[in-house]
**Student:** 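Take a look at this one; I'll ask things after.
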Amino acid sequence: MKLNPEQQQAVEYIGGALFVLAGAGSGKTRVITEKIAYLITQAGYKPHHIAAITFTNKAAKEMQERISHRLGKNQTRGLIVSTFHALGMRILREEATNLNYKKNFSILDSSDSAKLIGEMLASSGREPIIKAQHQISLWKNNLLSPDEVYAICENDWQMQTAQIYSRYQATLQHYQAVDFDDLIRLPAILLRENGEIRLKWQNRLRYLLVDECQDTNACQYELLKLLTGLEAKFTVVGDDDQSIYAWRGADMENLRRLQQDYPQLKVIKLEQNYRSTARILKIANQVIGNNPKLFPKTLWSNLGEGDAARIMACRDEVHEAEFVVQQIAKNKLLYDANYADFAILYRGNHQARLFEDALRVARIPYQISGGQSFYDKAEIKDVLAYLRLLANPNDDPAFLRAATTPKRGIGETTLGKLNAYAQQHECSLFEASGSLNTLATLSTKSRESVQQFIALLRDYQQRAQTDDAGETVQNLLDDIQYENYLLENHAENPKMAESRWKNVQDLCTWLAKKSEERNLVELTQLIALMTLLENKDEEIDAVKLSTLHASKGLEYPFVYLVGCEEGLFPHADSVEEHGLEEERRLMYVGITRAKQQLTMTHCKKRKRAGTWQYPEPSRFLDEMSSDDVVRIGHTSGEVVSQEKGRKNSRALLAMLNQKIGGN
DNA sequence: ATTAGCGCCTTTTTT
DNA sequence: AGGCGCTAAT
């Protein structure tokens, strides 16, 4: 299919700064793909001078595939398609010495960093830790150093947190580790302060494309500005109405700043939606109309009127799950649809469980995306801890995990003594374990355990120099008898052990495959950023379960938007100030995932933290005009069925499917 | 004296 | 799945 005039314009405008305001379903990924093809084949850019930046690995992978498909692998060699964090890591690795880091730095995940902050905090408990971590992250994302933060603190708590921030950074440095925020912050600081290095990278990356730019934080925006320089050869694509990451520092002000910083900024709007029926778009526009507008736009489509959306009132969450599953079973037969045509979208991950149960009972295949990621899994973190420790012996968090997994007779007391020594001598736990003075303070048994562990690590540090990464890890797993550890740990559930071991094996396979081109250090850093390995079950025909956040960018003929209740969605913590606007954008994202049929559910009562709650239906449901919404379920006694327009729907679905096939 | 294992609690969204 | 406190095992 041909590009529409606006899309074509967005592809061919390469004179300077360009902002493509791309509504949901307006074909923005296609525009980015075509533009990269245009830059390479028409405008004379070499692939290695172009970088396309996304926010998730999934999006990066998908774009990489589409570009390869469009141009062929040979034509795209050297093209950078990566997340902001992966690009930052690349810069950081090359420029590490300029930032007082070694190339083998570790990357801490957020639970590592939470643990660190927790140790520095006077009080205990999860909440204050999360709060402090969040505050520090916000400061970092706004490019504020600890010293700059001291000057602007408004209360005692902020003052204390600022002190922790300062100590936290010192500790990271000591570990030769960075956190996720640093991956972008440190390169931004370096490029800002060092003109020579800035020029070097500006020369290397001559055209930048940024997807989902409404989700950039101040740090990422700064990095973008520094990389593109005065020539401003870049395209940013985004939609202010789909900004849903303010809670982690994303700032829509960046879109406004864009106009100030680049007065020549060209803005192209993509308003034609190729995804949803007119009535679904009407609801979406109504809801988002309650938010203040940054760049006004109205989505339209020529895919027909379609059915009214449905709002179902359920008795409780069990009823909700049963209803949705029963509807899926029914609609699958009625429309001769695939399972993969259905999606269940929810606000929080914990909501997934009941739907999983109901789907299992009904023997309907399902697939969860956006839940806990592959690398959040314990077994992967275990292996990664060993890798990190081999790459960087200063990585104390990795030492703590590896030393105690599998259990090898090193416990709390021993680690406490090692830590005391390490603090006193300002060295790593690894070094402390090698010190004869420390070892003398341990019992015979503990001492032997520690010495064995250290000998193991030294052995593998040696091997990693010569053997390839895949082989090293495979041998290491044998030596620590990791498979046995899994089996013993899940003695009553061998299937669990099996699936975990399989995850570990998948990781090994991946390492073996990649270890031709990259060394162990690089692979370890790469893994830290990944949220999913090759999604081989991507294509299976299964009902999709997803959080609203993780659903952005995806589309389904049938969407069930569940748990539309005050307190849950909008979430209770966000019903003040800007929080509510963001929840509304989340609702907008949810609605615009639907191509043909949209069903929203809410429960009369729901068990929260052990007690029954009686939530009101979500306020967002009241923002939809009654012309385009049908209320069914509990209130009216019986489930009212929708006969009207069904034939049209069937024809529409056929048409939609044909379009998908035709691409 | 030390470590390991069991059962208890909770969980908004993610690189 | 992880953190906490308690108890059993060495």
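So that the names make sense, note that chain A is the first sequence line, chain B the second, and so on, each numbered from 1. Only this structure's heavy atoms are used, side chains among them; waters, hydrogens and symmetry mates stay out. If you're wondering where the values come from, they're calculated on a predicted model, not measured in any experiment.
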**Student:** Could you tell me if the side chain of Gln220(A) sits less than 4.5 Å from the side chain of His85(A), heavy atoms only?
**Tutor:** yes

**Student:** Tell me: CG of Asn503(A) to P of dA1(C), nearest whole Å?
**Tutor:** 11 Å

**Student:** Separation of Lys381(A) atom NZ from dT15(B) atom P, in whole Å?
**Tutor:** 14 Å

**Student:** Check whether any side-chain N or O of Asn349(A) sits under 4.0 Å from OP1 or OP2 of dT13(B), and answer yes or no.
**Tutor:** yes

**Student:** Determine: side-chain N/O of Arg500(A) to OP1/OP2 of dA1(C), distance under 4.0 Å, yes or no.
**Tutor:** yes

**Student:** In whole Å, I'd like the distance from the CD1 atom of Ile130(A) to the C1' atom of dT13(B).
**Tutor:** 13 Å

**Student:** Kindly point out which of dT13(B), dG2(C), dT15(B) is positioned nearest to the side chain of His549(A)?
**Tutor:** dT13(B)

**Student:** What contact category does Phe55(A) fall into here, base, sugar-phosphate, or nothing, at under 4.0 angstrom with non-hydrogen atoms?
**Tutor:** sugar-phosphate

**Student:** Nearest whole angstrom, please: distance from the C1' of dT14(B) to the NZ of Lys552(A).
**Tutor:** 11 Å

**Student:** Hydrogens and angles aside, do Gln525(A) and Arg93(A) bring a side-chain donor and acceptor to less than 3.5 Å of each other?
**Tutor:** yes

**Student:** Counting side-chain heavy atoms from CB outward, which of dT14(B), dG3(C), dG2(C) is closest to Ala550(A)?
**Tutor:** dT14(B)

**Student:** Confirm from the modelled atom types if His350(A) and dT11(B) form a donor-acceptor pair under 3.5 Å, side chain to base only.
**Tutor:** no

**Student:** Measure from the ring center of Phe620(A) to the ring center of Phe569(A) and say whether it is less than 6.0 Å.
**Tutor:** yes

**Student:** Among all residues two or more places apart in sequence or in another chain, which pass the side chain to side chain contact (heavy atoms under 4.5 Å, CB included) test with Ser443(A)?
**Tutor:** Lys445(A), Ser446(A)

**Student:** Going by heavy atoms closer than 4.0 Å, what residues in residues 211-225 of chain A are next to DNA chain B?
**Tutor:** none

**Student:** Rounding to an integer number of Å, can you tell me how far Glu119(A) CD sits from dG3(C) C1'?
**Tutor:** 14 Å

**Student:** Who passes side chain to side chain contact (heavy atoms under 4.5 Å, CB included) against Ala246(A), sequence neighbours left out?
**Tutor:** Glu582(A)

**Student:** State which residues pass side chain to side chain contact (heavy atoms under 4.5 Å, CB included) with Ala321(A); sequence neighbours excluded, sorted by chain then number.
**Tutor:** Leu354(A), Phe355(A), Ala358(A)

**Student:** Restricting to nitrogen or oxygen on both sides, can you table the protein-nucleotides 2-5 of chain B pairs closer than 3.5 Å?
**Tutor:**
| unit_1 | atom_1 | unit_2 | atom_2 | d |
| --- | --- | --- | --- | --- |
| dT3(B) | OP1 | Gly411(A) | N | 3.1 |
| dT3(B) | OP1 | Thr414(A) | OG1 | 2.4 |
| dT3(B) | OP2 | Glu412(A) | N | 3.4 |
| dT3(B) | OP2 | Thr413(A) | N | 2.9 |
| dT3(B) | OP2 | Thr413(A) | OG1 | 2.9 |
| dA4(B) | OP1 | Gly409(A) | N | 2.8 |

**Student:** Between dT13(B) and Tyr245(A), is there a base-stacking contact, meaning the centre of the base's six-membered ring lies under 5.5 Å from the residue's ring centre while the planes stay under 30° apart?
**Tutor:** no

**Student:** State the CG-CG distance between Leu92(A) and Leu186(A), to the nearest 0.5 angstrom.
**Tutor:** 5.5 Å

**Student:** Judged by atom type as modelled, is there a donor-acceptor pair below 3.5 Å linking the side chain of Arg593(A) to the main-chain atoms of Val589(A)?
**Tutor:** yes

**Student:** Roughly, in whole Å, what's the span from NE2 in His85(A) to C1' in dT15(B)?
**Tutor:** 4 Å

**Student:** For Ile129(A) and dT11(B), what is the distance between atoms CD1 and P respectively, to the nearest whole Å?
**Tutor:** 14 Å

**Student:** Run through Glu320(A), Glu566(A), Glu317(A) and flag the one making a salt bridge (charged side-chain N to carboxylate O under 4.0 Å, His left out) with Arg606(A).
**Tutor:** Glu320(A)

**Student:** Can you name the side chain to side chain contact (heavy atoms under 4.5 Å, CB included) partners of Pro397(A), sequence neighbours left out?
**Tutor:** Leu108(A), Asp112(A), Tyr175(A), Arg388(A), Asp395(A)

**Student:** When the distance from CG of Asp109(A) to C1' of dT15(B) is rounded to whole Å, what number comes out?
**Tutor:** 11 Å

